[in-house]
Amino acid sequence: MPLKTYGVLIARAVDTRREGASDSPHYQIHVADESGTHYRISVNVLSQERPSELLYVVDDDFQHPVTARLTGLTAGWNKLPAGPGGPNLDFIRGNLFDPATMRTLPPDVSGPDNDLADLLDHYVRRAIETEGARLHVFGERWGPETGVKDKVFGFLPGNGVHDIHMNQGNSKRFQKDDGVWQDGGLLIHFPAENRWIGIFLAFQSQAWHTDDVTGHALKDGTRPEPGTQPVRIVAALVNPRGPAPEPEQVTLLNASPDPVDLTGWSLVDRVGNTTPVPPGAVAAGAALQVPLAGGAQLPNNGGEITLLDAGGLKVHGVSYTSAQAGQEGWTVVF
């Protein structure tokens, strides 16, 4: 069953609190929106299941079409409808980052800059100290708890957001929270620098291939390791010259030393439109241009492209922004 109240909270950071490294610790963030409503953001820094250390990735210059989709949302809590139509996050289908780049950190150990709480504190403290900086917190809402003070920061009423992590591919113990297009995450916007920072967390027990409807783990759910993806999307002609319909195309590269049979493979856009890849083998080191006529679409205002194998499992994925697609006739290189 998906999360009941998934959405994004847009607010300014006020304070932080660490909870150590015992039981199920969290990194707590106190935020307030423009109306003066206060929230506690409860970020897991340790899993209840082994391996207990969380996976993380930070993008210090996050460029993805989801930031444009956040335009127009009001400050405070915004409940998001299910599916890919809005700014919802999905670590598998949204191509927010390369999962092979994720690393682990302990939750809280002595010394500076050596644990997950330190990493979070570095970016959130910067947001607290920077005028105009805003947190965009994706997860599940709780509260308001009428007449009950927040147990960490003491504001009234208790109110907040949790599940600031991947919310699909869970083990059976937490399978009830599975869903697609409902992953948690923390985006920090620094308007004066025109910069976004993306922070994404996942549990090592979660699967990286999930059912497109339920979000439940599929049999082969292994997270890709660096250098193990033989066929990748390396370029896309998003905005060809000439009138519509434009001859959009995606370029694949077989980076491996052996030929790869692409029979049954396909390219998919954010909303599920599909283009089959020409059947047959692509030679070692060779590139293949795939025309997208009548299938997957590459909108000029930003989008996502995903490569699936013959079994429907994700092989690789990329995203591009409206700025990257703005030059007519130029190919976007990933």
request  = Go through the steps for V234 and V333 under the test side-chain contact (heavy atoms from CB on, under 4.5 Å), then give the verdict.
outcome  = CA-CA 6 Å; V234 294; V333 178; 6.0 Å; no
request  = Specify the closest pair of heavy atoms between A117 and D108, including all atoms of both residues, with the distance to one decimal.
outcome  = CB-OD2, 4.0 Å
note = So OG of S319 and CD of Q63: to nearest 0.5 Å the spacing works out to 9.5 Å
task = Among I164, V45, T16, V58, find the residue that satisfies the side-chain contact (heavy atoms from CB on, under 4.5 Å) test when tested with L120.
result = V45
task = May I ask you to say whether D121 pairs ionically with R17, meaning some side-chain N is under 4.0 Å from a carboxylate O?
result = no
key: Distance-minimising heavy-atom pair for P87 and R69   = CB-CB, 3.8 Å
request  = Could you tell me whether R126 and E131 make a salt bridge, using a distance below 4.0 angstrom between a side-chain N and a carboxylate O?
outcome  = no
query = Taking the side chain as C-beta and beyond, is there a heavy-atom pair between V260 and W265 under 4.5 Å?
reply = yes
task = Using the side-chain contact (heavy atoms from CB on, under 4.5 Å) rule, take N167 and L3 through it: C-alpha gap first, then chi angles, then the decisive distance, then the call.
result = CA-CA 8 Å; N167 291 306; L3 302 182; 3.7 Å; yes
query = Going by an N to O cut-off under 4.0 Å, is there a salt bridge joining D33 and R12?
reply = no
ask   = Is it true that R93 and D269 make a salt bridge, defined as a side-chain N closer than 4.0 Å to a carboxylate O?
value = no
query = For the hydrophobic clusters of this structure (ILVMFWY residues joined by side-chain heavy atoms under 4.5 Å, transitively), does one cluster hold both L253 and F334?
reply = no
inquiry  = Applying side-chain contact (heavy atoms from CB on, under 4.5 Å) to L156 and D150, what does each step give before you reach the verdict?
reply    = CA-CA 6 Å; L156 186 70; D150 180 75; over 6 Å; no
task = Assess the pair F203 and H165: is the distance between their ring centroids shorter than 6.0 Å?
result = yes
ask   = Counting only heavy atoms not in N194, do more than 12 sit closer than 6.0 Å to its CG atom?
value = no
query = Looking only at heavy atoms, what is the nearest atom pair of L135 and A127, with distance?
reply = CD1-CB, 3.7 Å
query = Does T274 reach the side chain of S266, with side-chain heavy atoms less than 4.5 Å apart?
reply = yes
ask   = Does a salt bridge link E328 with R241, judged by any charged N lying under 4.0 Å from a carboxylate O?
value = no
task = Indicate yes or no: does D177 engage K4 in a salt bridge with an N to O separation below 4.0 Å.
result = no
request  = Consider only side-chain heavy atoms of I, L, V, M, F, W and Y, link residues closer than 4.5 Å, and tell whether L119 and F190 are in one cluster.
outcome  = yes
request  = Determine whether I305 and L267 make a side-chain contact, defined as any pair of heavy atoms from C-beta on separated by less than 4.5 Å.
outcome  = yes
ask   = Is there side-chain contact between P299 and Y320, with heavy atoms separated by less than 4.5 Å?
value = yes
request  = Walk me through it: do D90 and R270 pass the test salt bridge (Lys or Arg N to Asp or Glu O under 4.0 Å)?
outcome  = CA-CA 10 Å; D90 191 302; R270 180 181 177 90; over 6 Å; no
ask   = Looking at side-chain heavy atoms only, is the closest gap between R141 and N159 below 4.5 Å?
value = yes
message = Using ring centroids (six-membered ring only for Trp), state whether F62 and H64 fall under 6.0 Å.
response = yes
query = Given the rule in the side-chain contact (heavy atoms from CB on, under 4.5 Å) test, do L201 and L55 qualify, once you have shown the distances and angles that lead to the verdict?
reply = CA-CA 6 Å; L201 304 170; L55 292 162; over 6 Å; no
message = Heavy-atom count check: over 12 atoms from other residues, nucleotides or ligands less than 6.0 Å from R173 CZ?
response = yes
ask   = With a 4.5 Å heavy-atom cut-off, do V137 and Y39 have their side chains touching?
value = no
query = With a 4.0 Å cut-off, would you call E34 and R134 a salt bridge?
reply = yes
task = Considering non-hydrogen atoms only, spot the tightest contact between P65 and T321 and give its length.
result = N-CG2, 4.2 Å
Distance-minimising heavy-atom pair for A100 and E225 = CB-C, 3.8 Å
task = Check V238 against A325 and note the closest heavy-atom contact, atom names and distance.
result = CG1-CB, 3.7 Å
query = Is the gap between the ring centers of F200 and F91 under 6.0 Å?
reply = yes
request  = Report whether V43 and V161 are members of the same hydrophobic cluster (ILVMFWY, side-chain heavy atoms less than 4.5 Å apart, transitive linking).
outcome  = yes
message = For E19, is there an ion pair with R40 - N to carboxylate O distance below 4.0 angstrom?
response = no
request  = Starting at CD of Q289, measure out to OG1 of T251 and round the result to the nearest 0.5 Å.
outcome  = 4.5 Å
ask   = Does I199 share a hydrophobic cluster with W196, counting links as ILVMFWY side-chain heavy atoms below 4.5 Å and allowing steps through other members?
value = no
